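Here the structure comes first, spelled out in structure tokens, and everything after it is commentary.
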Amino acid sequence: MTYQGVGASGGIGIGRVVRIVQADLDYSGVSFAGSEAEKERFQRAVEAFCAKTQEMAESMKTRVGEKEAEILSGQIMMLSDPFLQSQVEEAIDSGLCAEAAVDQVCGNFIEMFSSTGDELMGQRATDVGDIRTRMLELLLGVSTMRAAEAPAGSVLVAADFTPSMTVGIDKEKIAGIATEIGGKTSHSAILARALGIPAVLGVPNISKLLQDGQSVIVDGSKGIVLAEFDEHTLAEYEHLQQKEREAKRQLDAYRDCPTQDASGNRFAVYANIGKPEDAQAALEYGAEGIGLFRTEFLFMDRTSLPDEEEQYKAYIAVAETMAGKEVIIRTLDIGGDKDLPYLHLEKEENPFLGHRAIRYCLSNPEVFSVQLRALLRAGALHKNLKIMLPLITGVEEIRAAKELIETCKRQLQKEGAAYDADIPVGIMIETPAAARIADLLAKEADFFSIGTNDLTQYTLAVDRGNAKVEGLYTAFHPAVLRNIRDTITAAKQAGIPVGMCGEAAADKKLIPLLLAWGLDEFSVSPAAVLATRKTISEWSAQKSLATAQGAMELSTASEIESSLESST
């Protein structure tokens, strides 16, 4: 029996089912004890939730990583929000017991976040669902089995794999994960990948279809769960599992060697990061630099803007960690699916096409200048920082940003502060407009970085967070590939470096095209650095050129992908 879902974390997991079944959260028998008593019960539960969650976050930070721990820290901030708490207390004042009030208010937030269709909002809905469940458990005095209690060789099966379930989990014991809810970008997927556990998410009714103790195979690459299989199938998957382990061991040979193709042509593999602490992981995986530091994460999960000193410390920490290696720092990219409540951004009908990224920054120079000053100062120490501007659609935006940078330089000079007077300023190519006028933009920019996630979305008019059109979202579409090719060509003709920081940079099927067109720098997640370097080493210049020529003669995304699949 084969159950289809979404392959969210690659690899093969073979083990026995352990279902994480939610404790009974029925509160129909709970009587209303009066407003003050119910509010007191609610506040005690909040305090217990925050204390336990902080403890869990510290544990996850040590075992998994800073980024993953912040998912739990974010839950503390959400529950501590005065607006949410006032909503619960108002519900209690209307005559609801604490359980009913929490259930009602959290349900309203879940509905609000889910209805947007946005990827990030969907993750917030999952977080609120986790908060609601755990708050009800605290109020009712019940608990759900945690993943940490599962025996060795377990395949965890649940309606959803929430952040709180992962605390204390021993990844050596968990063979795989299968859930009814979630996709490639959900919190459960992020956590599964961070733990290195094969996971298939979004399998309808999987927790009801499988029984505890049942032998199953989780194929995280194909997105399937197999049950009731024969000995031949088991043997095949055990062989595949062994090959995967061997392949991982072989990747270590690429950790400290230069990136070059089979013809000896040099390239570079950089890493994408979201926090200063991630730079250390990038180094450990053998990254030759940082191709994208997403600074918006410094601005999120807080109640006010970070000041210049706080930003300076974050940027200089990365510059220090990567001393001698380039660090490309993207300026604040908010709007679209990244909202900062304390900025009170105006609600827009089409936020992805609205007042976001460079557009917001240029119209709010008081916010932008703080970041630019911090970047200029941090660049003075090792001279290894580069400034990258997001969502550029025209020459005017680059000129305006560079003018503001010059103003900041004059301010710092007058103050006697050290700064990098020659800091390079580049741009992201992530809109069809930018790709079409890449030759004009190259006259103004010191470097390009192609953001394939947004470039694909905008080129194809497909919201990558909308499940209904997810099948149309592909970087193999001829229009997307032509935009990438033409951008690289324009950079080459202008004599400026060109990199790529979107997911396509790590796609082994696309790498030969990028090599043939002359991409200089591949920026990928730290965990993908070695595999990307290995793939590059397997292609000669002649073979990649022939493969690219053949692919670009085809007419459809599926034809191109199939052709590249057969070539790798």
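Excluded from the calculations below are hydrogen atoms, water molecules and symmetry mates; all remaining heavy atoms, backbone and side chain alike, are included. FYI, the numbering just counts along the sequence from 1. None of these values were measured; they are calculated from a predicted model.
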Ala546 backbone acceptor or donor facing Gln549 side chain under 3.5 Å: no

Evaluation steps, side-chain hydrogen bond (donor to acceptor under 3.5 Å, both in side chains), between Glu346 and His355: CA-CA 9 Å; Glu346 195 173 316; His355 195 228; over 6 Å; no

Short N-O contact, Arg356 and Glu296, less than 4.0 angstrom: no

Side-chain (Asn453) to main-chain (Glu503) donor-acceptor, under 3.5 angstrom: yes

Heavy atoms of other groups near Tyr285 OH, more than 12 under 6.0 Å: no

Exam field: side chain Glu397 to backbone Thr393, donor-acceptor pair closer than 3.5 Å: yes

Cationic N near anionic O, under 4.0 Å, Arg255 to Asp252: yes

Pairs meeting criterion salt bridge (Lys or Arg N to Asp or Glu O under 4.0 Å) with involvement of residues 527-551, two or more places apart: Glu288-Arg533, Lys534-Glu538

Glu309 and Arg377 ion-paired at < 4.0 Å: yes

Lys386 charged N/C atom sitting above Phe447 aromatic ring, 6.0 Å / 45°: yes

Ion pair Lys313/Glu310, N-O distance below 4.0 Å: no

Non-neighbouring partners of Ala374 that pass side-chain contact (heavy atoms from CB on, under 4.5 Å), sequence neighbours left out: Glu308, Gln311, Tyr312, Tyr315

Short side-chain to backbone donor-acceptor contact, Ser544 and Ala541, under 3.5 Å: yes

Salt bridge (charged side-chain N to carboxylate O under 4.0 Å, His left out) partners for Arg249, two or more places apart: Glu246

Neighbour count above 12 (heavy atom, 6.0 Å) for Arg436 CZ: no

Under 3.5 Å: donor-acceptor pair, side chain of Thr431, backbone of Ala434: yes

Residues forming a side-chain contact (heavy atoms from CB on, under 4.5 Å) with Ala287, sequence neighbours excluded: Ala271, Ala282, Val529

Non-hydrogen side-chain atoms of Pro258 and Arg266 separated by less than 4.5 Å: yes

Set of residues satisfying side-chain contact (heavy atoms from CB on, under 4.5 Å) with respect to Thr532, sequence neighbours excluded: Val269, Ala506, Ile511, Phe522, Val524, Ala528, Ile536

Heavy-atom donor-acceptor pair, His477 side chain to Ala479 backbone, under 3.5 Å: yes

Met500 and Leu514, any side-chain heavy atoms less than 4.5 Å apart: yes

Under 3.5 Å: donor-acceptor pair, side chain of Asn483, backbone of Val480: no

Qualifying residues under salt bridge (charged side-chain N to carboxylate O under 4.0 Å, His left out), relative to Lys492, sequence neighbours excluded: Asp520

